[in-house]
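Have a look at the structure below, then the notes.
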2 protein chains.
Amino acid sequence: MGEPRITERGRATRQRIIEATGQQILAGGIGGTTLDTVRAATLTSKSQLFHYFPGGKAELVREVAVWEGGELLAAQMPFIEDLGSWESWHSWRDALIHYYLGLGRWACPIGSLATQAAMTDPELDAVITASMATWLDALAAGVVKMQANGHVDPSADPRRIAVAILASIQGGLVLSQPQKSSWPLEAALDTALDVLHQSTAPPR
Amino acid sequence: MGEPRITERGRATRQRIIEATGQQILAGGIGGTTLDTVRAATLTSKSQLFHYFPGGKAELVREVAVWEGGELLAAQMPFIEDLGSWESWHSWRDALIHYYLGLGRWACPIGSLATQAAMTDPELDAVITASMATWLDALAAGVVKMQANGHVDPSADPRRIAVAILASIQGGLVLSQPQKSSWPLEAALDTALDVLHQSTAPPR
DNA sequence: CTAGGAATGGACCTTGAAGTCCAATAATGA
DNA sequence: TCATTATTGGACTTCAAGGTCCATTCCTAG
């Protein structure tokens, strides 16, 4: 019972399905995305969807989450791997905003999935959680570097700062959506980054 | 064609439906909430649901949003109307955390609805947006009071600070959900409030 | 006490979307 | 070339969930 060999053509079709589904989920949510609309958008047939995603819609959505997580991280490269200087943080911040801008919609592919389906599908929840954890780790590592370089108070908790920054991104996007503008996101994120500048250890 | 007179009994049933639906949406999202499960939970019949909400599920969800918005605001009373002193902010913060704790799940009834159905239902979107705006206004008014009382730098933009705080709440909840703990929410919110303490005008 | 309207019960209809199945075609490797 | 397997097409089935309808019961005002 070997894995079915997959050809280049098949791989491309599979990828096309994932990306189209990602688009539709971002535009209309999981509920607003049906296998039929995906099929239409990708010029595929029902059997193909289940050929590449035997687990049906649930598996497809999970694969979308995995892929979106990768895209999100890739969009922050190479700065997310540095974050050891103010310039690096600034570049990272710009790259992130630019990524969300490119999506054409003020929403986080990962964050919105988190609120939509965490309780419904435990496996999807695991994917989302892992993606968030990776992201959080990267930010925390950056804070540690800043501390090592003497730019940030060494007594501050890196994970706590990282959480605050990540939360400002997610929350900023929630508020940006109705405003159809990036300003809430930018305001929230920049405010969170100011905290880093001020090198404060939390008083509470 | 006068409005149908509504009796006390009817009003109670209607309210029971709204609250049960709110519970289910919080637990399983809009997609995970069906009229049948609501009917079962409220010991009502299909006809009652449509009797009180002729617009069907969409109208019911909207009414839930309105009600949840009211509850959320009420939970922050009376502090949200003050916010003119550090003690007031602190009490407000505690009341808010306590409210979310009482929900038994780390999610915002309003914020999660925002991500779930903004694009699907414009009318629901309007309700959510209005609720957020009210909340934001209250926080901004508090910041203005703090400035008037000489506790915060008068050159700071109150709405910007309010957005940062609200974003930290929404984002903190997004991160708290997978952790099943309040600490991300508290970390994010407290960090945002620190900014207020430091009376900083945004440098960017 | 009684008529009319509110409240309720529940069977029934309809639709949309997930998922199944089998046949046909294209590619690949021996 | 040819057998095998991946890929594709699309009809068909199933079922959950929203929504309709009408009969029945309960309440209230006059």
Side-chain angles (χ1 to χ4, degrees), chain A residues 1-21 23-25 27-64 116-117 119-121 123-124, chain B residues 1-25 27-65 116-117 119-121 123-124:
Chain A
M1 51 180 296
E3 287 292 296
R5 297 199 325 261
I6 193 165
T7 70
E8 183 53 32
R9 185 174 166 219
R11 199 206 55 76
T13 299
R14 187 189 141 98
Q15 186 58 25
R16 187 154 39 97
I17 294 170
I18 290 178
E19 297 190 16
T21 306
Q23 291 275 343
Q24 295 193 7
I25 288 179
I30 295 180
T33 301
T34 75
L35 296 186
D36 256 349
T37 59
V38 170
R39 191 188 48 65
T42 55
L43 299 177
T44 54
S45 64
K46 222 39 173 319
S47 67
Q48 283 170 295
L49 297 183
F50 283 87
H51 178 69
Y52 294 111
F53 308 96
K57 187 178 183 180
E59 180 179 345
L60 173 54
V61 172
R62 276 197 302 274
E63 291 302 309
V64 168
Q116 281 183 61
M119 60 286 273
T120 305
D121 182 346
E123 294 191 56
L124 176 56
Chain B
M1 52 183 301
E3 287 292 296
R5 299 198 326 261
I6 194 166
T7 68
E8 182 54 33
R9 185 173 166 219
R11 198 207 55 76
T13 299
R14 188 188 140 98
Q15 186 58 27
R16 185 155 41 97
I17 293 170
I18 289 178
E19 297 191 15
T21 306
Q23 292 274 344
Q24 295 193 8
I25 287 180
I30 296 180
T33 302
T34 74
L35 296 185
D36 256 349
T37 58
V38 169
R39 191 189 48 65
T42 54
L43 298 179
T44 54
S45 63
K46 222 43 173 317
S47 66
Q48 282 169 293
L49 298 184
F50 285 86
H51 178 69
Y52 295 111
F53 309 95
K57 188 179 183 180
E59 180 179 345
L60 172 54
V61 172
R62 276 198 301 274
E63 292 302 309
V64 168
Q116 281 184 60
M119 58 286 272
T120 305
D121 182 347
E123 294 192 56
L124 175 57

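Naming: A, B, ... by sequence-line order, numbering from 1 per chain.
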- Salt-bridge present (R62(A), E59(A); N to O < 4.0 Å): no
- Item | Residue closer to the 5' end of DNA chain D, T7(A) versus E8(B) (nearest nucleotide) | T7(A)
- Task: Using atom CG of L43(A) as one end and atom P of dG9(D) as the other, report the distance to the nearest whole Å.
- Result: 8 Å
- Task: Report yes if at least one side-chain N or O of R9(B) is closer than 4.0 Å to OP1 or OP2 of dT28(D); otherwise report no.
- Result: no
- If every non-hydrogen atom of T42(B) is compared with every non-hydrogen atom of A20(B), which pair is closest and at what distance? CG2-CB, 3.4 Å
- Round to a whole Å and report the spacing from CG of L49(B) to C1' of dG18(D). 11 Å
- Note on the structure: When T33(A), I25(A), T44(A) are each screened for side chain to side chain contact (heavy atoms under 4.5 Å, CB included) with V38(A), the one that passes is T33(A)
- Message: If I take atom CZ in residue F50(A) and atom P in nucleotide dT13(D), what distance separates them, rounded to the nearest angstrom?
- Response: 17 Å
- Minimum heavy-atom separation for R39(A) to K46(A), with atom names? CD-N, 3.6 Å
- Going by the side chain to side chain donor-acceptor pair (under 3.5 Å) test, name the single residue among Q48(A), E63(A), H51(A) that passes it with R14(A). E63(A)
- dT8(D) OP1/OP2 closer than 4.0 Å to side-chain N/O of T13(A): yes
Is there any protein nitrogen or oxygen under 3.5 Å from a nitrogen or oxygen in nucleotides 12-17 of chain C, and what are the pairs?
none

- Task: Would you indicate, yes or no, if dT7(D) has its OP1 or OP2 atom less than 4.0 angstrom from a side-chain nitrogen or oxygen of Q48(A)?
- Result: no
- Message: In the structure I gave you, are the side-chain heavy atoms of E19(A) and Q23(A) within less than 4.5 Å of one another anywhere?
- Response: no
- Message: Considering every strand and a 4.0 Å limit on heavy-atom distances, what is the contact class for Y52(A): base, sugar-phosphate, or nothing?
- Response: sugar-phosphate
- Check every atom of dA7(C), dT7(D), dG9(C) against the side chain of I6(B) and return the nucleotide holding the closest atom. dA7(C)
- Query: R14(A) has an atom CZ; how far is it from atom P of dT8(D), in whole Å?
  - Reply: 13 Å
- Query: With respect to the phosphate group of dA6(D), does any side-chain polar atom (N or O) of R11(A) fall under 4.0 Å of OP1 or OP2?
  - Reply: no
- Query: Which heavy atom in M119(A) sits nearest to a heavy atom in A27(B), and how many Å separate them?
  - Reply: CG-O, 3.0 Å
